[in-house]
Every structure is written in structure tokens, then in C-alpha cells.
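Chain naming here is simple, since letters A, B, ... match the order of the sequence lines and numbering starts at 1 in each.
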Protein chains: 4
Amino acid sequence: MLTYDNNQPMYKQVIDDIKKRIVNGDFSHNPQFPSTRELAIAYGINPNTAARVYKELELQHICYSKKGVGTFLMNNLKLEEDLKRTMADNLLNSFLSNMSDLGFSKDEIIEEIKKED
Amino acid sequence: MLTYDNNQPMYKQVIDDIKKRIVNGDFSHNPQFPSTRELAIAYGINPNTAARVYKELELQHICYSKKGVGTFLMNNLKLEEDLKRTMADNLLNSFLSNMSDLGFSKDEIIEEIKKED
Amino acid sequence: MLTYDNNQPMYKQVIDDIKKRIVNGDFSHNPQFPSTRELAIAYGINPNTAARVYKELELQHICYSKKGVGTFLMNNLKLEEDLKRTMADNLLNSFLSNMSDLGFSKDEIIEEIKKED
Amino acid sequence: MLTYDNNQPMYKQVIDDIKKRIVNGDFSHNPQFPSTRELAIAYGINPNTAARVYKELELQHICYSKKGVGTFLMNNLKLEEDLKRTMADNLLNSFLSNMSDLGFSKDEIIEEIKKED
DNA sequence: GTGGTCTAGACCACA
DNA sequence: GTGGTCTAGACCACT
């Protein structure tokens, strides 16, 4: 769900959510994304903000837009896989770097994760 | 190192850095922080920004200021430990939640970490 | 080839392509254009878009339509020549103006062209 | 000057104009760009559109923004030169390709340019 | 005062 | 109906 008190702007939160949906295969059978107006309603945001989401995703080569037609998942067989890999790597790198700065060794980090519910 | 291309504002980056230094014991023998001017020079930031850093750290009960004297690490035996625990928990929660959204199970996450050099 | 990532709309890309074909004499022996349906298939575009192409070419007095018969190249001996002249002039003007804004003198421009393979 | 009847959106026209000014060395002594509000007034556009210009230039690694401070020309010694080269290459490629499609040989193209005033 | 984000609403070009 | 652009105005975070 979108949060307003977050330091992350709404359009980035929506982008992240869509990326996760792509990774989970939500668009593997139908590559067409909801229209900007539908997206706006679905997330409770302004149509302009929704358009910004797709524009940003287009810059990242994740989707492309045809004026008057719609917005589509990029035609790339490995896109879901690559996206998952890239996002996971980013999370891993920043997490491990920060934990290391706090003085955790790799073994300790793994211990911490195992302790979590 | 501080970056401008980061979504994190300067003052938060400095705050995080100082917190990490506290956790690593950099102030355990000398609880006095550098003056705002020294801090500004050390991090290459505006003195106003440096002042904001201490103001924020004060609000989080991590330091206190004596007018005309300086800024000091809060006199709390468990502060380092608590700080480490809180920061680690925040990192862990957000990391595990995001990895889970990407479809990684706990075991897979641990595998990924082991793979990192 | 037609591209969607182009700032040029599909129908203008097709119009330009047809104009180039006219200049190259592709219709000098048979002035009849393909039907809108054939055009749509040939270029992989929507029939509505194909119709728009001919409508636009008609407005520019490049072709004319006979209802129930087809679309034909305008019967004008100098049309190919005029078209070539007009298009070349447009290209030349905008190119020279832009290169000049970038600080290229006429001689430098010619040098650049000679360098191209 | 900006034109509204142009197929080019205003923000792209402004971007092109700024790029040309960079190539011409307008920012070589003072890397700070006008504020978004100043830019808006200077070009007679909405501040949002002005902000969009800088955001786009930032994506192209031509400038960077510091929140609360300003927008600056990227610190890259060869940027002006590279920009000039890239823009010229784009103009040359598209021009030569289009002229060639119209049936002009390289020598004929050079002749055409010499004929221009 | 600077850039960043968001809303609300409008108009356009395209298919 | 779709995406693209622009305006007007507001509020926020940062320096």
C-alpha cells in the first residue's frame, strides 16, 4: 500500500510495486499494462503521476508506449529474470554493506536472519 | 562518502555515518563531538546542514548540547548497543520484506548471502 | 523500417516513405497506389492509419482518390522533381541551421560530410 | 525562439537550446544554471516545464541538481566537446541518410550545400 | 530561495 | 480511448 509519510515519493513506490508484479509474472500472459487512467484509479493517484510512472519505466527499458494504443511490457524473454536479479543484487549489496558498517560479520548476519520469525 | 545523486538528503547521510561511528565506538573514549564548523568542514557540507545534524541527533536522544561548550554523546551505557540493535532490525525488516516480495524464501536469501564474496 | 520509439507518428513515417518511393520512380509506370488494406498489411499498421496516410497525401496534392476504384499518383509531370526539390530544401535548411548553431562553418560542414564513409 | 506549432514539445526545444548554449561555452565560467523559476520566466514557460527540462538533462548526464542549492553543469572537462560531437553526428547521420534516400549522391549533397547562401 | 513532488484539469495527437 | 504535453498553483524538503 502507498504511504504518504514515506520519504519515498509515491511514483517510486508505484514503480517498485509494478516491478515486483512483473517479477511475479503478473504480465507474462498479457503484456499490456493498465491505461494511465486505470492505473491512477487503482493506486488512488493523479493521472499525471500515473503517466510519470510509465515514463520512468520506459526509460528503464521495462515497458514501451504506443500513443493511442497503450503501454506494454517490453518484449524481452529474460526481462523478468533480469529484473529479479538486478533488484535482488541492489538489495543485497546495500544491506550487506550497511550491516558490515554496523560491525556484523557475514556469519552473524546469517544468524540474525535465521532468528527472524 | 556523501553523494548528491542519492535520494538521501545530505543531513541524513551524515547522521547515518555518525551513528555508525558511534556503534563502532569512535566516541567511547571522548564523548565530545566535533563543533558544527569542524563537522561542516569534515563532511564538506554547509554549516547550517551540520547544525541540523546535531539538532536531529538531539531529538533522537543520541547527543546533547551545552551552549558555549559543545555537543556530547548521550551518557547512556547501553546506547551503542541499543543503536546497533535498532539499526540492524530496521535493515533486516526492510531487506527481508523486499526479498520476500521478489519471491525469495528465507533459505534462498541465506544462499544468496553466502554466495556474496 | 517503422519504429514506435520514434517521436514521429506512424502515419508520418509512412507518408515520408511513400514520398521517397515516388521520388525514386516507384510509381512512374503504374500510378495506382496499393489499397488502404494492402498498405495496412504492407506496413503493419492499422487500416485507419493507412486511410489517414492517403487522406494526408491528398491534401498535399500528391495523390487523388476515385471512389470504388483506388488511389492514384497525381497526374503532374514535374511532381517527382518538385517533391524531391521541396524535401531536399527542407532537409538542407534545418540541417545547415542546426549545424551553424553548433558553431560549424560551411566549410567545416562540408569537411564533416567528406569524412563520412 | 519557441514555437507552439512545432511537432517538437516545448521542453525538448528548450533542452536543445540549452545544449547549444553549452556547446557555445555559455556555462564554461559559471557552471550554475538559472533556477527553474528563472528559466521558466526566461523562456516564458511554466515552472513545472522548466523543472522537466533540467530533469531530462540530468538523465542525460549533462547537469546535476542539488536540492535547495541549484542545478549545475556536469563536471566533465570534455562535456562541451562530446556534446558537440554527438549532436553533430546525429544531425549528419539523419541528414545524409534522408538525402541518400532521395537519390542524392555525396558529391551532389556537397554541391547543394555550396549553392546555399 | 532552491529543487522535488503532487493535484486538478485541460487540450492535443494518435490509432 | 490511449498516451503526451502543458498550465496553475500548492506544499514540502533541503541548504
Side-chain angles (χ1 to χ4, degrees), chain A residues 2 4-14 32-40 43-58 63-72, chain B residues 4 6-14 40 43-53 56, chain C residues 4 6-14 40 43-53 56, chain D residues 2 4-14 32-40 43-58 63-72:
Chain A
L2 302 189
Y4 290 87
D5 59 334
N6 201 324
N7 48 356
Q8 281 288 90
M10 288 165 51
Y11 77 95
K12 285 197 179 171
Q13 295 182 49
V14 176
Q32 179 157 14
F33 286 169
S35 77
T36 54
R37 290 151 176 96
E38 286 171 343
L39 192 75
Y43 284 94
I45 57 180
N46 186 285
N48 271 330
T49 308
R52 181 172 188 176
V53 167
Y54 284 150
K55 184 155 196 196
E56 200 93 0
L57 285 171
E58 205 170 345
C63 70
Y64 61 96
S65 295
K66 299 187 198 178
K67 202 187 280 189
V69 183
T71 304
F72 302 85
Chain B
Y4 268 113
N6 201 321
N7 46 356
Q8 283 289 89
M10 304 290 288
Y11 81 95
K12 283 197 180 173
Q13 294 182 50
V14 176
Y43 283 97
I45 58 180
N46 189 293
N48 289 328
T49 309
R52 178 167 188 177
V53 167
E56 199 91 0
Chain C
Y4 267 113
N6 201 321
N7 46 357
Q8 283 289 88
M10 304 290 289
Y11 81 97
K12 284 197 180 172
Q13 295 183 50
V14 176
Y43 283 96
I45 58 180
N46 189 294
N48 289 327
T49 308
R52 178 167 187 176
V53 166
E56 200 92 0
Chain D
L2 302 190
Y4 290 87
D5 59 337
N6 200 324
N7 48 355
Q8 281 288 88
M10 288 166 50
Y11 77 95
K12 285 198 178 170
Q13 295 181 50
V14 176
Q32 180 157 14
F33 286 168
S35 77
T36 53
R37 290 151 176 94
E38 285 172 344
L39 191 76
Y43 284 93
I45 58 180
N46 186 285
N48 272 330
T49 307
R52 182 172 187 176
V53 167
Y54 284 150
K55 184 155 195 196
E56 200 93 1
L57 286 170
E58 206 170 345
C63 70
Y64 60 95
S65 296
K66 300 187 196 179
K67 201 187 282 188
V69 183
T71 304
F72 302 85

Any side-chain to backbone donor/acceptor pair from A:Q13 onto A:Q8? Under 3.5 Å, distance only.
yes
How about A:Y54 and A:S35: do any of their side-chain heavy atoms sit closer than 4.5 Å?
no
Can you tell me which stems DNA chain E forms, taking runs of 3 or more consecutive Watson-Crick or G-U pairs with both distances under 3.5 Å?
E:1-14 with F:1-14
Between B:M10 and D:G44, the residue closer to the 5' end of DNA chain F by nearest nucleotide is D:G44
Could you pull out all donor-acceptor pairs under 3.5 Å where a side-chain atom in residues 44-53 of chain A meets a protein atom, sequence neighbours excluded?
{"from": "A:N46", "atom 1": "OD1", "to": "A:N48", "atom 2": "N", "distance (Å)": "2.7"}
{"from": "A:R52", "atom 1": "NH2", "to": "A:Y11", "atom 2": "OH", "distance (Å)": "3.4"}

Tell me, which of residues 48-58 of chain A have any heavy atom that sits under 4.0 Å from an atom in DNA chain E?
A:N48, A:T49, A:R52
Could you tell me the separation between the CD atom of D:E38 and the OG1 atom of D:T71, rounded to the nearest 0.5 Å?
10.5 Å
Would you give the length of the straight line joining atom CE of B:M10 to atom NZ of D:K66, rounded to the nearest 0.5 angstrom?
7.5 Å
Checking A:E58 now: which residues fulfil side chain to side chain donor-acceptor pair (under 3.5 Å) with it, not counting sequence neighbours?
A:S65
Quick one: on DNA chain E, does A:G68 or D:P34 contact a more 5' nucleotide (nearest heavy atom)?
D:P34
Residue mapping more 5' on DNA chain E - nearest nucleotide basis, A:K12 or D:V69
D:V69
Rounded to whole Å, CD of B:Q8 lies from C1' of F:dA13 at a distance of 12 Å
Among all residues two or more places apart in sequence or in another chain, which pass the side chain to side chain donor-acceptor pair (under 3.5 Å) test with D:T36?
none
Worked verdict on A:C63 versus A:F72 for side-chain contact (heavy atoms from CB on, under 4.5 Å):
CA-CA 5 Å; A:C63 70; A:F72 302 85; over 6 Å; no
Covered region of DNA chain E, 5' end to 3' end, by chain C [heavy atoms, under 4.0 Å]
E:dC14 to E:dA15
